[in-house]
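The structure appears below as structure tokens.
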Amino acid sequence: MRPSWAGAASRAAGGRRGRPLLSGNWKMHHTHLEAIQVVQKLAYRLSPGDLEQAEVSLHPPFTALRSVQTVLESDETPIALGAQNCHWEDEGAYTGEVSAAMLAKLNVRYVIVGHSERRQLFGDTDEQINRRLQAVLRHNMTPILCVGETLEEREAGRTSERVTDQLRADLAGVGQAAIGGLVVAYEPVWAIGTGQNATPEDAEETCALIRSVVKEMAGAGAGETLRIQYGGSVTSGNAGDLMAQADVDGLLVGGASLDPDVFALVVKAALGR
Ligand code: 13P
């Protein structure tokens, strides 16, 4: 770990990458009724100061988006609404799909694209991820693009190659300014849901690589404003050390975001509280 809170301190001072972005990806958990309770409890557990210092986003399943939107807006809770995926077309004969246009109408701000579970379990290709990402941008929302290596790739020493290839393919044809406004989540596949998080040093190494690849692709300015999250077995026990890394601007949290008490502790730990 770096000796100082350099990254966190510059963010708190209103650095170019703004406040830490702490996102809860609920995956396929919580009915819309459960979701309402979770959001209300989370809003109660977080202080106005927490929500000023951090930007928190919640990514419920599609069936709960409207309910969560209504709770957040009627209570004027400054938590951003997020989605977990979207189709690239605005409408059409695509049974079972949801478009970016539909998400934008719900005031969704962040859309996860290219999560490793989509890539591995549902066969999402880089080309499809690229199209999803462009659809999110077209509707003025912010993509959270997930990249990361499998255990096999890591053990073969191919982490940098894999992550670089994903970034090049997933961001192909995206303008420099748009790239500078993106969020990229580094989620090593072996760390997701396993209880085995990357060490802060390992997370920093790959997050720094992501920033340098983006600088090469889209210029130094885009690299500096790009926000990078770490995801994979984040808990309140490791959130502070992960956030202390210079190139970690936020966290993408799965299991530890499902329970509002637990997620509130993660947010507070990420803020060094
Ligand atoms: P866990 O925090 O449960 O490991 O999940 C990480 C993740 O996939 C977030 O998108």
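In each ligand, atom 1 is the first atom listed, and ligand 1 is the first ligand listed. Here, residue 1 is the first one in the sequence, and each next residue gets the next number. Hydrogens, waters and symmetry mates are skipped; everything else that's a heavy atom, side chains included, is used.
Between Lys27 and ligand 1, an N or O atom pair is found at a separation short of 3.5 Å. For Gly232, no nitrogen or oxygen atom sits less than 3.5 Å from a nitrogen or oxygen atom of ligand 1, counting backbone and side chain alike.
Those atoms of ligand 1 that come under 4.0 Å of a heavy atom in Leu252, given as number and element, are 9 (C), 10 (O). Residue Glu187 approaches ligand 1 through these ligand atoms, each under 4.0 Å from one of its heavy atoms: 6 (C), 7 (C), 8 (O), 9 (C), 10 (O). Atoms of ligand 1 lying under 4.0 Å from any heavy atom of Gly254, numbered from 1 in the order shown and given with element: 1 (P), 2 (O), 3 (O), 5 (O), 6 (C), 9 (C). The ligand atoms of ligand 1 that sit less than 4.0 angstrom from a heavy atom of Asn25 are 9 (C), 10 (O). Each of the atoms 1 (P), 2 (O), 3 (O) of ligand 1 lies under 4.0 Å from some heavy atom of Gly255.
Looking at Gln134 and Arg131, their side chains never bring a donor and an acceptor atom within 3.5 Å of each other.
Listed by chain and number, the residues in a salt bridge (charged side-chain N to carboxylate O under 4.0 Å, His left out) with Asp126 are Arg119 (sequence neighbours excluded).
Salt bridge present: Asp261 and Arg45 bring a charged side-chain N and a carboxylate O closer than 4.0 Å. The pair Glu152-Arg158 fails the salt-bridge criterion, with no side-chain N (NZ, NE, NH1 or NH2) lying under 4.0 Å from an Asp/Glu carboxylate O. Using a 4.0 Å cut-off between charged nitrogen and carboxylate oxygen, Glu224 and Arg17 count as a salt-bridge pair.
Contacts with ligand 1 closer than 4.0 Å are made by backbone heavy atoms (N, CA, C, O) of Ala191 only, the side chain lying farther away. The backbone and the side chain of Ile192 each have at least one atom closer than 4.0 Å to an atom of ligand 1 (non-hydrogen atoms only).
The shortest heavy-atom distance from Gly231 to ligand 1 is not under 4.0 Å. The shortest separation from a heavy atom of Ser233 to ligand 1 is under 4.0 Å, placing the residue in contact.
Taking the side chain as every heavy atom from C-beta outward, Gln84 and Pro61 approach each other to under 4.5 Å.
The minimum heavy-atom distance between Arg109 and Glu55, with the atom names listed, is NH1-OE2, 3.0 Å.
Tyr94 OH: more than 12 foreign heavy atoms inside a 6.0 Å radius.
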